[in-house]
Number of protein chains: 2
Amino acid sequence: MTTDGRLVRGERTRTAVLDAAVALASEAGLGGLSLGQLAERLEVSKSGLFAHWKSKEELQLATIEHARGQWATDVVSPALAQPRGVRRLFALHESRLDFYTRKALPGGCFFANAKFEFIGRSGVVPDRLATVHLEWFELLERLAREAVEAGELVPGTHIEDLVFEIDAAGVAALLNFRLVARGPQEARRVVLRRLRDLATDPTLLPEE
Amino acid sequence: MTTDGRLVRGERTRTAVLDAAVALASEAGLGGLSLGQLAERLEVSKSGLFAHWKSKEELQLATIEHARGQWATDVVSPALAQPRGVRRLFALHESRLDFYTRKALPGGCFFANAKFEFIGRSGVVPDRLATVHLEWFELLERLAREAVEAGELVPGTHIEDLVFEIDAAGVAALLNFRLVARGPQEARRVVLRRLRDLATDPTLLPEE
DNA sequence: TATCTTTACGACCGATCGGTCTTATTCATA
DNA sequence: TATGAATAAGACCGATCGGTCGTAAAGATA
């Protein structure tokens, strides 16, 4: 690495590989991610990849972190730009749906696919995915709690169920959107209606 | 084949293979389904499988039909035993959650996994999966419509959104249950509350 | 009993899988 | 400018992939 902050050759390669890996894994699955295909797509040698990661598993873990960074940038950050409370909570839901609709990844969503792929399996990769999954839930939960504390959601709000509903709508939106070209509209409407029901001041939210 | 209805040797093999194939595919994915592993698990030769199906794709299609039959028996039929209306609709949701909780398949749910696996891909297998997906939605929609027509759900009920919510709860239950040992309780509670809100006679439904 | 189809097996095929090893080049630093 | 680490390529490895082929039982039918 150079003493200043410039990207050296290897680091540039690393980023390019991980970009392609996230895209490829969103299609073929994180397990189905093939080093041969990845190398071919990037026009580098397969063995060259092993100069950066010792094994496929290590590359998978790096791919997860990379996808997590993209998610933070593309989905979480825009939502955090909204004022704290029910508006920020709904913004997070909306930017998630946007992410799917924008077709950012050919396979829909890296994390949703990976989670379903590794259901019931154990190992460091599934473990890491489970942790990321929990983080996402905790973020939703935090935003919901803040909305209650700000007095923008009625005091008795069952936060656990609300978080479940919002997340469920997102997952189902992805599935239906890609499968039968429906989903995001319903997911938006359903959550919006739910939040307006719970909001102390419904005018904070869009009209629908 | 014999003239009477008995299962001949080949048919028995076929059933045994498809049982194992559904289980294996629910773990490894329908694409990741390996003929070698399948043959090994059943203690038959790999080439023997080709006496029954001409290609892997044909076996995949047969596996889908087999899983569809299991779903019809284990999930749909029990629900249809309930009286038509809001009770039958909720029973379908419950028997679906039961199916997951019972851990009938090691990988959670054959269809949910397969759908996510084939998101964004095309071919006869994804096409068939999409059709089965649509059938499921149509069933939910029919039961919901019947509940409205029976006067058990308020007339203005937005059926499309209700179906989306129920299905979303099911998918999320599966995902969260297997990943973080939570889900089915929320999925049951959330849908039950929603249906009680919409029901003209809430006493038709459980207390929660 | 003789015949024909169904069912199953073992040997084998080319392609691809993840991974190793040796060698060559690039590049920051001393 | 010399040096050593980082980066990359190519040849190669055993294992497994989906799939083919020839052959041998098993079972139904005549």
Side-chain angles (χ1 to χ4, degrees), chain A residues 1-21 24-25 27-64 66 114 117-118 121 123-126, chain B residues 1-21 24-25 27-64 66 114 117-118 121 123-126:
Chain A
M1 169 141 27
T2 47
T3 41
D4 58 15
R6 277 186 303 110
L7 283 181
V8 292
R9 186 172 54 128
E11 210 160 332
R12 230 183 314 129
T13 307
R14 214 147 23 229
T15 304
V17 171
L18 290 179
D19 278 338
L24 196 57
E27 289 178 89
L30 196 51
L33 178 65
S34 148
L35 302 181
Q37 281 176 36
L38 192 57
E40 195 183 11
R41 187 175 291 199
L42 287 156
E43 291 181 316
V44 299
S45 70
K46 196 177 63 171
S47 56
L49 296 176
F50 285 89
H52 294 275
W53 302 276
K54 275 182 284 187
S55 64
K56 178 175 175 176
E57 189 179 78
E58 228 179 58
L59 174 60
Q60 288 174 322
L61 290 174
T63 304
I64 293 176
H66 199 70
E117 185 183 356
F118 285 102
R121 290 196 241 174
V124 289
V125 172
Chain B
M1 173 147 15
T2 48
T3 42
D4 58 15
R6 278 186 301 111
L7 282 181
V8 293
R9 186 170 55 127
E11 210 158 332
R12 230 183 312 131
T13 307
R14 212 144 28 227
T15 306
V17 171
L18 290 179
D19 278 338
L24 196 57
E27 291 179 87
L30 195 52
L33 179 65
S34 149
L35 301 182
Q37 282 176 33
L38 192 57
E40 194 183 12
R41 186 175 291 198
L42 286 156
E43 291 180 317
V44 298
S45 70
K46 195 177 64 169
S47 56
L49 296 176
F50 285 89
H52 295 273
W53 300 277
K54 274 182 284 186
S55 64
K56 177 176 176 176
E57 188 178 79
E58 228 179 58
L59 174 59
Q60 288 174 321
L61 289 173
T63 304
I64 292 175
H66 199 70
E117 185 182 357
F118 286 102
R121 290 196 242 175
V124 289
V125 173

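Hydrogens, waters and symmetry mates are skipped; everything else that's a heavy atom, side chains included, is used.
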Point-to-point distance, once rounded to the nearest 0.5 Å, from [atom1] of [X] to [atom2] of [Y]:
X	Y	atom1	atom2	result
A:Leu49	A:Glu58	CG	CD	12.5 Å
A:Ser45	A:Leu35	OG	CG	11.5 Å
A:Ser55	A:Leu59	OG	CG	8.5 Å
A:Glu117	B:Glu27	CD	CD	13.0 Å

Can you identify which nucleotide, out of [options], has its nearest atom closest to the [X] side chain?
X	options	result
A:Val44	C:dT7, D:dG19, D:dA9	D:dA9
A:Lys56	C:dG18, D:dG19, C:dA8	C:dG18
B:Thr13	D:dG19, C:dA8, C:dG19	C:dA8
B:Ser47	C:dG18, D:dT20, C:dA8	D:dT20
B:Ala51	C:dG19, D:dA9, C:dA8	C:dA8

Tell me what [X] touches on the nucleic acid: a base, only sugar-phosphate, or nothing, going by heavy atoms under 4.0 Å.
X	value
A:Leu49	nothing
B:Gln37	sugar-phosphate
A:Leu42	nothing

Whole angstrom value for the distance that separates [atom2] of [N] from [atom1] of [X]:
X	N	atom1	atom2	answer
A:Glu11	C:dA28	CD	P	12 Å
A:Lys46	C:dT20	NZ	C1'	11 Å
A:Phe50	D:dA11	CZ	C1'	15 Å
B:Lys54	C:dT6	NZ	C1'	16 Å

TODO: Test side chain to side chain contact (heavy atoms under 4.5 Å, CB included) on B:His66 and B:Asp19 and set out the steps.
DONE: CA-CA 8 Å; B:His66 199 70; B:Asp19 278 338; 2.7 Å; yes
Open item on the list: On the nucleotide D:dA8, are OP1 or OP2 found under 4.0 Å from the side-chain N or O atoms that A:His52 carries?
Closed with: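 The answer is yes; a side-chain N or O of A:His52 sits under 4.0 Å from OP1 or OP2.
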TODO: Return yes if the base of D:dG10 and the side-chain atoms of A:Ser45 contain a donor-acceptor N/O pair under 3.5 Å, otherwise no.
DONE: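 Looking at the base of D:dG10, it does not pair with any donor or acceptor on the side chain of A:Ser45 (distance under 3.5 Å).
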